[in-house]
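Here, residue 1 is the first one in the sequence, and each next residue gets the next number.
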Amino acid sequence: MVSDLAGRLIHQDPWLAAFDKPAGLLCQPGLGPDLADSLLSRVQRQWPEWRLVHRLDRDTSGLLLMATNAAMHRQLSALFAQRQIRKAYLAEVAGHLRGSGGRLESCLARTGTRPPRYGSVAAGKIAITRWRLLALDVDGAGRPLSRVLLAPRTGRSHQLRVQMAELGHPLLGDPLYGDGNSAPGLRLHALGLGFCHPATGQGLRLRCLPSW
């Protein structure tokens, strides 16, 4: 409902806005009445001109950026395309990671449909992510987990989910690349965005914490 948007509005100025998207909600409507509900459709009931700049997976929560007009939409889209927007995600993954951090690089492409799946393929598109270990812990059943900060340099579909699974540490609660039963929902949250504001020229850092 539109009424729940105020509590999820992280930032608003005359040119752009950022929302904390809940897990399980689409970014934009899909095909068919069962996929009509989305954050964008809710927002546009109140602000019809606002446009989605980028996307998050349905099961991923966190920061989602919108432009309030067409000109700003083009400028922000160009910043994403030029990799001038810094992105940070918080994740919980199965097992205890070795080391304090590192760099993941792979070539990703779609490997399956219904549901879409992605994986490393020689002819795929380059995907680069830096990771940093935040904490080692255990879940309620005593199974080891790692809390990590993920900073993707590219924006491939399912990039973080695939790369962590291929590293041997799938995201908790991931039904596609993990067991799907290790957490009540996917443990992936878009934590932060940082970029130079196209309209003001000032640095803008946005941040919101997950509910888990």
Asks: Tell me whether Tyr89 shares a hydrophobic cluster with Leu134, the cluster being built from Ile, Leu, Val, Met, Phe, Trp, Tyr side chains joined at under 4.5 Å.
Replies: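 No, Tyr89 and Leu134 fall in different hydrophobic clusters.
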Asks: Taking only residues two or more places apart in sequence, or in another chain, which ones meet Asp139 in a salt bridge (charged side-chain N to carboxylate O under 4.0 Å, His left out)?
Replies: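 For Asp139 the salt bridge (charged side-chain N to carboxylate O under 4.0 Å, His left out) partners, ignoring immediate neighbours, are Arg143.
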Asks: Are Asp57 and Leu186 packed together at the side-chain level, in the sense that at least one heavy-atom pair is separated by less than 4.5 angstrom?
Replies: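 Heavy-atom side-chain distance check fails, nothing below 4.5 Å.
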Asks: Does the side chain of Arg58 come within less than 4.5 Å of Leu35's, by heavy atoms?
Replies: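 Leu35 vs Arg58: side chains touch.
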Asks: Answer yes if Trp47 and Leu40 sit in the same cluster of Ile, Leu, Val, Met, Phe, Trp and Tyr residues linked by side chain heavy atoms under 4.5 Å apart, and no otherwise.
Replies: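 In one cluster with Trp47: Leu40, yes.
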Asks: If you define the side chain from C-beta out and look only at heavy atoms, does anything of Leu171 sit under 4.5 Å from Arg187?
Replies: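 The answer is no, as the side chains (C-beta and beyond) never meet within the 4.5 Å cut-off.
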Asks: Hey, quick one: are Leu136 and Trp212 part of the same hydrophobic cluster, counting side-chain heavy atoms closer than 4.5 Å, chains of contacts allowed?
Replies: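 Each belongs to a different hydrophobic cluster.
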Asks: Flag the pair Leu149 / Arg130 as yes when at least one side-chain heavy-atom distance between them is below 4.5 Å, and no otherwise.
Replies: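 No, side chains not in contact.
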Asks: Side-chain donor-acceptor pair under 3.5 Å between Glu166 and Ser120, yes or no?
Replies: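 Ser120 and Glu166 do have a side-chain donor-acceptor pair below 3.5 Å.
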Asks: Got Leu76 and His54 here, is their nearest side-chain heavy-atom distance under 4.5 Å?
Replies: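 When only atoms from C-beta onward are counted, His54 and Leu76 do not touch, as no gap falls below 4.5 Å.
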Asks: Which value, rounded to the nearest 0.5 Å, describes the distance between Arg153 atom CZ and Ile126 atom CD1?
Replies: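 Answer rounded to 0.5 Å: 13.5 Å.
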Asks: Take atom CZ in Arg110; do more than 12 heavy atoms of anything else shown fall under 6.0 Å from it?
Replies: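 Atom CZ in Arg110 is packed in, count exceeds 12.
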Asks: State plainly whether one hydrophobic cluster holds both Leu160 and Leu167, where clusters connect Ile, Leu, Val, Met, Phe, Trp and Tyr through side-chain heavy atoms under 4.5 angstrom apart.
Replies: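 They do share one cluster, since a chain of ILVMFWY contacts under 4.5 Å joins Leu160 to Leu167.
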Asks: Name the one of Ile10, Leu79, Leu193, Leu52 that satisfies side chain to side chain contact (heavy atoms under 4.5 Å, CB included) with Leu65?
Replies: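 Of the listed options, the one satisfying the test is Leu193.
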Asks: Classify the ring geometry of His197 against Phe195: parallel below 30°, tilted from 30° to 60°, perpendicular beyond 60°.
Replies: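 Tilted.
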Asks: What orientation do His158 and Tyr177 show, parallel under 30°, tilted 30 to 60°, or perpendicular over 60°?
Replies: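 Ring orientation, 0 to 90° scale: perpendicular.
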Asks: With heavy-atom distances below 4.5 Å as the criterion, would you say the side chains of Leu16 and Val53 are in contact?
Replies: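 A side-chain contact is absent here, since even the closest heavy-atom pair is not under 4.5 Å.
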Asks: Compare every heavy atom of Ser41 with every heavy atom of Asp37, then report the nearest pair and how far apart it is.
Replies: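 That closest heavy-atom pairing would be C-OG, 3.8 Å.
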Asks: With rounding to the nearest 0.5 angstrom, report the CG to OG1 distance, Leu25 to Thr60.
Replies: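 Rounded to the nearest 0.5 Å, the CG-OG1 separation comes to 12.0 Å.
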Asks: Is there a chain of hydrophobic side chains (I, L, V, M, F, W, Y, each step under 4.5 Å between heavy atoms) that links Leu133 to Leu188?
Replies: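 Same hydrophobic cluster.
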Asks: Is it the case that the side chains of His189 and Ser61 hold a donor-acceptor pair, with the cut-off being a distance below 3.5 Å and no angle test?
Replies: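 Yes, side-chain donor-acceptor contact under 3.5 Å.
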Asks: Begin with the C-alpha distance, continue with both residues' side-chain angles, and end with the deciding distance and a verdict on side-chain contact (heavy atoms from CB on, under 4.5 Å) for Thr129 and Met164.
Replies: CA-CA 10 Å; Thr129 301; Met164 294 310 298; over 6 Å; no
Asks: Would one find more than 12 heavy atoms of other residues, nucleotides or ligands at under 6.0 Å from atom CD of Gln82?
Replies: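 For Gln82, atom CD is crowded (more than 12 foreign heavy atoms under 6.0 Å).
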Asks: Is it the case that atom CZ in Arg207 sees more than 12 heavy atoms from other parts of the structure closer than 6.0 Å?
Replies: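 It does not: Arg207 CZ has 12 such atoms or fewer within range.
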